[in-house]
Amino acid sequence: EEGEGGGHHFEALEISVETVGTPFGGNLFLALLGRAIQMKPLSGLRKLKLKGWGPDESNWGDGTGVTAGKSAFLAALQIVKLPMLSDLCLKAMNLMNAEVVLIADAVRAGNLPALRVLGLNGNCYQAERLGRMGMEALMDALCAWGRDFCVGCPCGLEELNLSETCAGEALGLLGHALLSGLLPKLLRLYLRWCSVSDEALKSLAAAIKGGALIGVSVLDMKSNRNVCREAWTYLFRAIVESERGLPKLMILGVEGINAASAGGAVMTALASGRVPSLKSLGGVPHRPSGGTFDEPSPHFCFDRDGV
């Protein structure tokens, strides 16, 4: 469609780039994308999916190779409203905490009102990658969306992917947001390899016990191996003790060394009738950046409670 000044505007557009490119090409592409957003021919943008090189130093150098391009792109998100953008996925783009704060600012400013899918996975390879600071800003922005912007128009986020980041350091904030009813439409939550701690998992368990995840169909927490057996047990007991459990949950990924030792609590939850839709405890097939595919099914060890 031709717009003002002879330019062209797209009524509906999806952009998907499997590999953004080398630092030089990536800088140029991201800068041009940011410029296009600021000139507003992309107001009809519905889906934007970009994938970087992740930890491949032969292409990304020290991680600063596309800093200028990312800055231009993220600056555009802060000042221009994209009313139709439903999917924003920035995988393995070496996003730093400060850059995630810019994304949070765009959400807080109301520039992404149609956002349904937010993917920030694969951004955990060097210092200052997505962790506590970025997560705090992001959760604050999502909560502000649900709390301050539109009465009767809650946060519409349906999928949040934080796998292969350090966002688990601040997972307690997500648990608090869920308990506060500020993410009522969340359906899919991916938290693989994201540095979940014992306390963070317990916070999520509290949200489950409080009924805040009754609509969730995918909860994938595989490969968080720093979580102790007691914390996993606490999680499964929360499912049993919750009034409605997780009635729509179809995939629950809990594979890991310490999760396996909580087999008794797992069996108690399965026998409780609180997860009637559950089809898999192994999560979805996945290959970490630079790694091999996960095993398809986890193995659990029985204990006295399980028997």
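Nothing here was measured: the structure is a model prediction, and the numbers come from that model.
- Pairing each heavy atom of Gly122 with each of Thr165, the nearest pair is N-CG2, 4.2 Å.
- No side-chain heavy atom of Val80 sits less than 4.5 Å from a side-chain heavy atom of Leu42.
- In plain terms, the two heavy atoms of Leu186 and Leu160 that are nearest each other are CD1-N, 4.2 Å.
- Transitive grouping of hydrophobic side chains (ILVMFWY, heavy atoms separated by less than 4.5 Å) brings Leu173 and Leu142 into a common cluster.
- Between the side chain of Ser86 and the backbone N or O of Arg46, at least one donor-acceptor pair lies under 3.5 Å.
- Each of Leu270, Val275, Ile251 was checked for a side-chain contact (heavy atoms from CB on, under 4.5 Å) with Leu281, and the lone residue meeting it is Leu270.
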Any chance you could lay out the side-chain contact (heavy atoms from CB on, under 4.5 Å) test for Met84 and Ser43, step after step, and finish with the verdict?
CA-CA 7 Å; Met84 300 176 68; Ser43 58; over 6 Å; no
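- The closest donor-acceptor contact from the side chain of Arg274 to the backbone of Ser242 lies under 3.5 Å.
- To the nearest 0.5 Å, atom CG of residue Leu85 and atom CD of residue Glu14 are 10.5 Å apart.
- Summarising the local packing, NZ of Lys209 is surrounded by 12 or fewer heavy atoms from other residues, nucleotides or ligands at distances under 6.0 Å.
- Here the shortest heavy-atom pairing between Phe236 and Ala265 reads CB-O, 3.6 Å.
- A donor-acceptor pair is defined here as one N or O able to donate and one able to accept, closer than 3.5 Å; no such pair exists between the side chain of Asn123 and the backbone of Leu130.
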Between Met135 and Arg132, does a side-chain contact (heavy atoms from CB on, under 4.5 Å) hold up when you go through it step by step?
CA-CA 5 Å; Met135 186 67 170; Arg132 177 173 293 277; 5.7 Å; no
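- Trp232 places a side-chain heavy atom less than 4.5 Å from the side chain of Val254.
- Between Ala72 and Ala31, the shortest heavy-atom distance links the atoms CB-CA, 4.0 Å.
- Val216 has its side chain out of reach of Leu246: every pair of non-hydrogen atoms, C-beta onward, lies at least 4.5 Å apart.
- In terms of hydrophobic clustering, with Ile, Leu, Val, Met, Phe, Trp and Tyr side chains grouped at heavy-atom distances under 4.5 Å, Leu179 and Met221 are assigned to different clusters.
- Taking CZ of Arg192 as the start and CG of Asn161 as the end, the distance is 9.5 Å to the nearest 0.5 Å.
- Contact check for Leu171 versus Leu162: no side-chain heavy atoms found under the 4.5 Å cut-off.
- Rounding to the nearest 0.5 Å gives a distance of 8.5 Å between CG of Leu138 and CG of Leu157.
- Separating the CG atom in Leu235 from the CG atom in Leu219 is a distance of 7.0 Å, to the nearest 0.5 Å.
- Linking ILVMFWY side-chain heavy atoms closer than 4.5 Å, directly or via other members, places Met250 and Leu187 in two distinct hydrophobic clusters.
- Panel note: side chain Asp87, backbone Lys49; no donor-acceptor pair is recorded below 3.5 Å.
- Between Ser277 and Pro247, the closest heavy-atom pair is OG-O, 2.7 Å.
- Taking each heavy atom of Gln78 and Ala109 in turn, the nearest pair found is O-CB, 4.5 Å.
- Residue Val266 is not grouped with residue Val240 when hydrophobic side chains (ILVMFWY) are merged at heavy-atom distances under 4.5 angstrom, including chains of intermediate members.
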Carefully, step by step, assess Leu201 and Asp198 under the rule side-chain contact (heavy atoms from CB on, under 4.5 Å).
CA-CA 5 Å; Leu201 190 67; Asp198 292 346; over 6 Å; no
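- One hydrophobic cluster, built from ILVMFWY side chains closer than 4.5 Å, holds both Val17 and Leu48.
- For the atom pair CD of Glu99 and CE of Met93, the computed distance is 9.0 Å after rounding to the nearest 0.5 Å.
- Two residues are said to be in side-chain contact when any heavy atoms from C-beta on lie closer than 4.5 Å; Leu115 and Leu88 meet this criterion.
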Assess the residue pair Leu82 and Asn111 against the criterion (side-chain contact (heavy atoms from CB on, under 4.5 Å)); give the C-alpha distance rounded to whole Å, side-chain angles, the decisive distance to 0.1 Å, and a yes or no.
CA-CA 6 Å; Leu82 295 173; Asn111 289 343; over 6 Å; no
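- One finds the CG atom of Leu118 at 9.5 Å from the CD atom of Glu159 (value rounded to the nearest 0.5 Å).
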